[in-house]
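The structure appears right after this line, and notes come after that.
In the text below, chain A, chain B and the rest are named by the order of the sequence lines, each starting its count at 1. Quick note: numbers below take in every heavy atom, side chains included, and nothing from hydrogens, waters or symmetry partners.
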Amino acid sequence: METLFSLLIGVFFASAVYLMLSKHTVRILLGIAILGNGVNLLLFTAGRLTREIPPIIPFDSDVLPSAAANPLPQALILTAIVISFSFFAFLLVLTYRGYQELGTDNTDEMRLAEPKDESLPPLGY
Amino acid sequence: MAAPTTAPIDLSAAMVMAPTALADWLVIAPMGLMITLGAVLMMVRHKLHLHGWIAIPGLVALVILDGLLLWRVAVDGPFTMTAGRWLPPFGISFTADLLGALLAFTSGIVALAAGIYGLRDINATGRRYGFFPFLMLLMAGVTGAFLTGDIFNLYVWFEVLLISSFGLLILGSERQQVDGALKYAVLNLIGTTLFLIAVGYVYAIFGTLNMADIARKVPEQRDVAPLLTLSTLFILAFAMKAAAFPVNFWLPASYHTPRVVVSALFGGLLTKVGVYAMIRVMVMLFPLEREELSLLLAIAAALTMVLGALGALAQSDLRRMAGFAVIAGIGNVVAGVAIGGQTGISGAILYALHSIVAMTALYLLAGEAARIGGSWSLQTLGGLYRQAPGLAVSAFVIFFATAGLPPFSGLWPKIIILKAALDIGAWWLSAALLVSALILTLTLGRVFLLAFWRPQLASAVGEPVSPATWHRSGPLVGLVAVLVFFGMFPDLPVRLSQGAAATLLDPTAYIQSVFPTGGAE
Amino acid sequence: MNTLILRTVAPPITALMLVFSVFVLLRGHNEPGGGFIGGLIAASALAIYGIAYGVSAVRHAIRFHPMAIAGFGLLVGALSGVVSIFAGVPFMTGLWIYPSIFGVEVPLATVISFDIGVYFVVLGSVGSIALALEERETD
Amino acid sequence: MADQAPLTLLCLFLPFLTALLAPAAVRRFGHGGSWGLALAPLLAFLHFLTFLPQISAGEVVTGGYAWVPSLNLSFSWFLDGLSLTFALLITGIGTLIVLYSGGYMKGHPQQGRFLCFILLFMGAMLGLVVSDSFLMLFVYWELTSITSFLLIGFDHEREAARRSALQALVVTGLGGLSLLAGLIFLWNMTGVTQLSLLVNVDDTLRNSPFYLAALLLLLGGAFTKSAQFPFHFWLPNAMEAPTPVSAYLHSATMVKAGVYLLMRLNPVMGATPAWEILLPFFGGVTLIAGTLLAIRQTDLKLMLAYTTMASLGLLVMLTGFDTPHAVEAAVLYLVAHSLFKGALFMVAGLVDHEAGTRDVTKLGGLRGDMPITFAAALLAALSMGGLPLFLGFLAKEEIYYALAHGDLRSIVFTLVAIVGNGLMFAIAFAVALKPFLGPHVETPKHAHEGPPLMWIGPALLASLGLVGGVLSGVAHRFVSTPMASAVAGEPRLVEISTIPHLGMPLLLSVITVAFGVLVYLRLDQARDMMVRLLTAIGSGPDRGFDHVVSGLVRLSVAVTRIVQPGRLEIYITVTFVLLALTLLVPSFLYGELPDMPTWPDELYFHEWAIILLAVIGLFAVLRASDRLTAIVSLGIQGFAVAVIFLLFGAADLAFTQFMVETLSVVILALVMTRLRLSPRDHRPPRQFAFDAAISIACGLGFTLLLMKTTQLPFNLELTEFFNTYSKVIAHGANVVNVILVDFRGTDTLGEIAVVMITGLAVLALIRVRLRDPLPDTNVETTAEGDRS
């Protein structure tokens, strides 16, 4: 199963990378969202896979049966999901503001911070 | 929600039973204090007059706590507190060793300086939209990162400081900030994501996240696990955070856009967290892999410092120049890491400490120069030597400290790293170090000539500027005093960074502090 | 989007979602759920109310600025960790007490207050973002 | 005499401490404050004077304190004949310079600052010559560079002064770095960090394979500092500094530091072929170039400056000329030069100060107005010209003793010395006689004799040249012999006296003087000739410096445009190319590829279906031609992931993922509908192929690494612990939640901090009104946008 998941994760990462290589901020944003999912799946697979039994201790037991899924990666992913959602929200609004303020979603045209034709620094003394 | 259903169980199999000394709280306290104050500031966000009264004493307390922490580590060696009382590696351990404590303490100092400077530099809007909460949580992230002993937790603190830096980056109300912030955010997000991915692989290989535990397990797994690929991934992720060539783009693209006090904080702190993580992971966890990849690191280091220095020379804008100066400094640190060994690592650590102070001071200086001279650009600046002699003295110190000339603090790490490079016969790396230092000398000498010595341009004569209040001059003078004092009496920081390097190269003490009884095997 | 239907169903839905969010929060320690998901549900409730009645109505209804609520949540979370200093145990150690209220033994713990902190942070923060975005739309 | 150490330490720091007082002293006492300030170097001078008997008896005095024990570096000094002589020259001439500055800078608004800089520089120079440990030497060496930067750029409102200051900083800074590398080389080769211990290890050093590298690096330091050709250009430009600075830098200090270093290293690094070729060669070239360049000048200071360069060449030449008497000659010439050059510079300054010009063609007949100055100038010139009775004569005799031998090399260098000395003779008298003799020429200011503050210095130094020559026995006993012994590394006895002995040296001296007189009489023709010659040669290294600086700036701009092009697309592309390399290259290089996996046949149909759905969602996002498709497709892959979590036992995750994905899609839709965007992702075919290749490489890299790591046996220690204690100790049945709030609660604390900050950051982003960037102003921001 891990093999198949590895391939799936590869597809996730490849898609994310392709989208992020775009000039357009919106596509970069989509890429970031997919990247987050890829990372989560990677963490999930890193803890090895088990089918269907959630890590919840039954009422009549004190310990979790060993067939249950590995809870640690799940907890890590929960943390990571929340964080990546936060970043996604921030970036989304940033993109929106970028479009508003700079009038474009094309990163090639966003040259306010690093203008294109800057004059040489003074050469004298 | 049920009470325990079985008979009392043996807690000692799961928990640390030894009583917790109050002094152990020192490793948590800086981070805890900053988060608490950040939360409080958030609750009183609209009561602007309270912000300074909460934040500045808070930062003073942070410096004191960090100082006590450093003192304790220097005297007693590393110590650990594991959150939740769980036995390591099951809970999240916070472990303070010399490296973390030194960086935390130095960061505390510059945060205090920036906080005080920010009282005047940040206007009401900036404050209402969270300058001080962002600052507090940035510091929570920074100190948390320096002191945590858990690699996933390190990632979390990276994110805390990253999102705080996003917030700070957009506070200055200028349109170019959106552009800078976009590049900064996207590239840094890629960097931290790569770090998280690497952490995922670490978990997949070792089944643990505690760094002391990983350090113990690496030798067992060395023959089977893909540690070199993993190490390269770590290096790439941390190089991005540290702004090493060729993944340093985000820094020059964004650091000049926010308010200068924010740039100062960033210049001092953010890249150093990346450097810290690189040292922690590559030196302490994967020493043999670092050795194997040292050529890669050395090439990156040489390019970083030379291109950083050249980049600084190419700028007219003082802030952009400072950004490239930060990068050149990172090159020096990475060179130390690449060389390795007691000398190289201690040089890298010492340089990082120096750079935290010097780069913050450099940005604050640029801010004052621009405030008095009315411009950021060397094209129009002039006459500052006459107008602000005190500032000229600060500039003289900061410039030569940055270029690594005596008697200022930049000299010593440069000498140590150069010695380390020549010890192993890396003449080209030494040459890069020297070329970088020379170009920086030329660059900063030119700035002194043009902005300070050159008479004020007739077109630039404007209204007289109000003299600097202590909010502005105090932090600058304080940082300059640090640069001068440790330039003339470098023994203490040198000794401490040597101690830090020794602990990293032989992490027995670090591991011992996490697993006092040899651990739960 | 200020349709009559939405205005009619919004109050009960909001109330229901808020109650449900608290339920999800409290059961989280033993069943799927917890502070984060609870907070998200509560924030969505605010968002729906905001769409129906306008952002200012929501702001008026919750009295505090959402970010202040988030700050309160973070404070609760941090204090839940720090309070263990008084028990002489490390940071974030779960402390449980079982006071008897009206004859019922109620378990109270710092881990629960911590989860409540998470709930408030998410409620405040995500709510604030949602409201801010909605507010733009009505400009 | 161990009890001397604290006093010596105090003397070493006295100039620095006094420097801090200088501005206040001048503010309080005016230019007369320099009388008080001069006490500092005077006291130091007297202190060092007390060591003379000891040193002349062949002893060395060392002392020191711990400084940086962690680097095995102590603040330690080492006084032998060489360093003591230097210390005496620095403090002695320094005293006179401070006095002279008091007069010269009288009424200057920044006189206090000037004296402060002079004293700082003096402290640096003094520390340099007494340093024992390498690093301390380097620290002081660089200190002289940065303090001279301040001094040369003192008249900072003039561009030429700024340029010269930067030039000196860069050239000597370059040398300083070279020196540092050289010193560390020495340290590594010998294991010794102190100059005084170097003497014991000479053979390992000379035989080391790194000898030549170390030597070249050290020479890089010495030659730049001592203005050897082709690094000489900064020195005449340093004349932009006020004259007291020139007098000080050129007589006993700054420029002599390089010679000092060479003399210091002579016992351990000398007497090798490289040493004996490089030093005389560069020294000789510098000597000739310096004198020729001096001839063309009409400015008194510049004439002297170029002869300084020539004299330094002579000194370097002699230091590397391993014949009997060479070391003695160098020592004698060094002392004589310090005295007469200091005096002549001060004379030039006096003339300038009183007459208002220092152009030799516009001066004449001042002897009546400035008799003391004239006397001092004459005495100094006689010494510089090397006429009998003067110290300069002794030096010249010794030089010819050293050089005049039968072999070809000696003949060549003898000729070089004759030409150089002859030309210097001519210039000495041009400076000393031209302004004073002949008909009176009208000058911008009506000249008077200067105040005592100003003539004490030159008069005293010039007289010392005579005293030293007449009382050569005393001078040799206390100064020349110990110094020569120190430079040679073995006992030497200097015996030359001012009574001429018939022989080859005397003959050569006579030839030199005759040549000098000839040139002096034909000075104008000689000058014209040189001007024509130099015009023919074109630009020298001085212009070259400008070209280098502006070229470097242009280069840096060009390079920075390439490495920092300002386009996010390039930044991301580079990052991902590196990522692909990072993942794939080590995997192949170090054999870290996974084993061939077996075909996954254990999956159920619905699991396949959902994985397929996720992939379809991804491709739909990639191919999306409008916003809505993109958003919906993004939702599909997100929900597919949620279902995958559910199928593999992660209910909490699925729940959260579902919620988060919904919210993401909603806010994405909310925001995207307000943007007018180009719907399609236009990439030209080549770009598409390139991007696709990078993406696939990255994806492949992650896949391979994940396969490799999941093929390893897994350590479930942590999970077992959580499963065991989640309920019994932490009282929670949902292990995931217990991990989140208890086992790893600190992560969650950080996470909610992130969430809270995001809320605030988004708020700030939406609310704060942005202005146009105003890069050239720093107006307090007035933006207001808060409405809540």
Side-chain angles (χ1 to χ4, degrees), chain A residues 1-4 6-11 13-15 17-18 20-23 26-27 30 33 37 48-57 62-64 69-72 74-75 77-79 81-83 85-86 88-90 92-94 96-97 99 101 105 107-108 111 114 120-121 123 125, chain D residues 159 162-163 166 550 553 557 566-569 572-573 576 597 600 611 615 618 621-622 634 641 648-651 653 656 660 664 671 675 677 681 691 695-696 698-700 702-703 706-707 710 714 718-719 722-724 727-728 733-736 739-740 744 747 751 754-755 758 761-762 765 770:
Chain A
M1 267 188 299
E2 278 84 4
T3 306
L4 185 69
S6 303
L7 287 169
L8 178 66
I9 289 160
V11 176
F13 279 123
S15 314
V17 168
Y18 183 81
M20 291 175 80
L21 287 170
S22 163
K23 283 181 174 54
V26 175
R27 277 176 206 282
L30 297 177
N37 280 335
R48 311 303 193 268
L49 302 169
T50 343
R51 212 172 261 132
E52 276 177 51
I53 306 173
I56 293 175
I57 301 172
D62 275 346
V63 294
L64 192 66
N70 184 353
L72 179 57
Q74 297 189 24
I77 295 169
L78 271 173
T79 306
I81 284 187
V82 176
I83 291 174
F85 171 67
S86 300
F88 177 77
F90 177 84
L92 181 66
V93 178
L94 185 61
Y96 173 59
R97 284 291 273 174
Y99 181 76
E101 297 293 337
D105 77 326
T107 54
D108 278 359
R111 298 300 296 267
E114 296 178 271
L120 279 176
L123 294 172
Y125 297 96
Chain D
E159 182 172 342
R162 297 197 296 272
R163 173 177 182 268
L166 187 70
S550 64
V553 172
V557 170
R567 288 172 55 198
L568 183 61
E569 191 193 358
I572 295 183
T573 309
F576 283 133
I611 286 172
V615 173
L618 289 176
V621 178
L622 294 182
L634 188 73
V641 171
F648 288 86
L653 266 186
T656 311
V660 162
S664 299
V671 170
L675 307 183
L677 302 173
D681 191 12
D691 289 355
S695 319
I696 291 169
C698 287
L700 184 69
F702 282 121
T703 300
L706 190 59
M707 273 157 73
T710 47
F714 190 55
L718 262 63
T719 303
F722 298 144
N723 291 351
T724 310
K727 197 162 184 179
V728 289
N734 181 355
V735 184
V736 175
I739 293 175
L740 278 178
R744 296 188 65 87
D747 282 346
E751 173 208 313
V754 171
V755 174
T758 310
V762 168
L765 198 53
L770 299 186

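Counting heavy atoms from C-beta on, the side chains of A:Ile81 and D:Leu653 come closer than 4.5 Å. A heavy-atom distance below 4.5 Å is found between the side chains of A:Leu94 and D:Leu765. A 4.5 Å side-chain heavy-atom check between A:Arg111 and D:Arg567 finds at least one atom pair inside the cut-off. Within the 4.5 Å cutoff, the side chain of D:Val621 has no heavy atoms near those of the A:Ser15 side chain. Side chains of D:Val660 and A:Phe88 form no contact here, defined as non-hydrogen atoms less than 4.5 Å apart.
Under a 3.5 Å cut-off, the side chain of D:Thr703 and the backbone N or O of A:Ser6 do form a donor-acceptor pair. The backbone N or O of D:Gly649 sits less than 3.5 Å from a side-chain atom of A:Gln74, completing a donor-acceptor pair. Judged by distance alone, with hydrogens and angles left aside, the side-chain atoms of D:Arg744 form no donor-acceptor pair with the main-chain N or O of A:Ala75 at under 3.5 Å.
Contact of A:Leu78 with chain D is made through backbone and side chain together, with heavy-atom distances under 4.5 Å. With a threshold of 4.5 angstrom between heavy atoms, A:Leu49 approaches chain D through side-chain atoms but not through N, CA, C or O. In this structure, chain D has heavy atoms under 4.5 Å from both the backbone and the side chain of A:Phe90.
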key: Step-by-step salt bridge (Lys or Arg N to Asp or Glu O under 4.0 Å) determination, A:Asp62 to D:Lys727   = CA-CA 6 Å; A:Asp62 275 346; D:Lys727 197 162 184 179; 5.1 Å; no
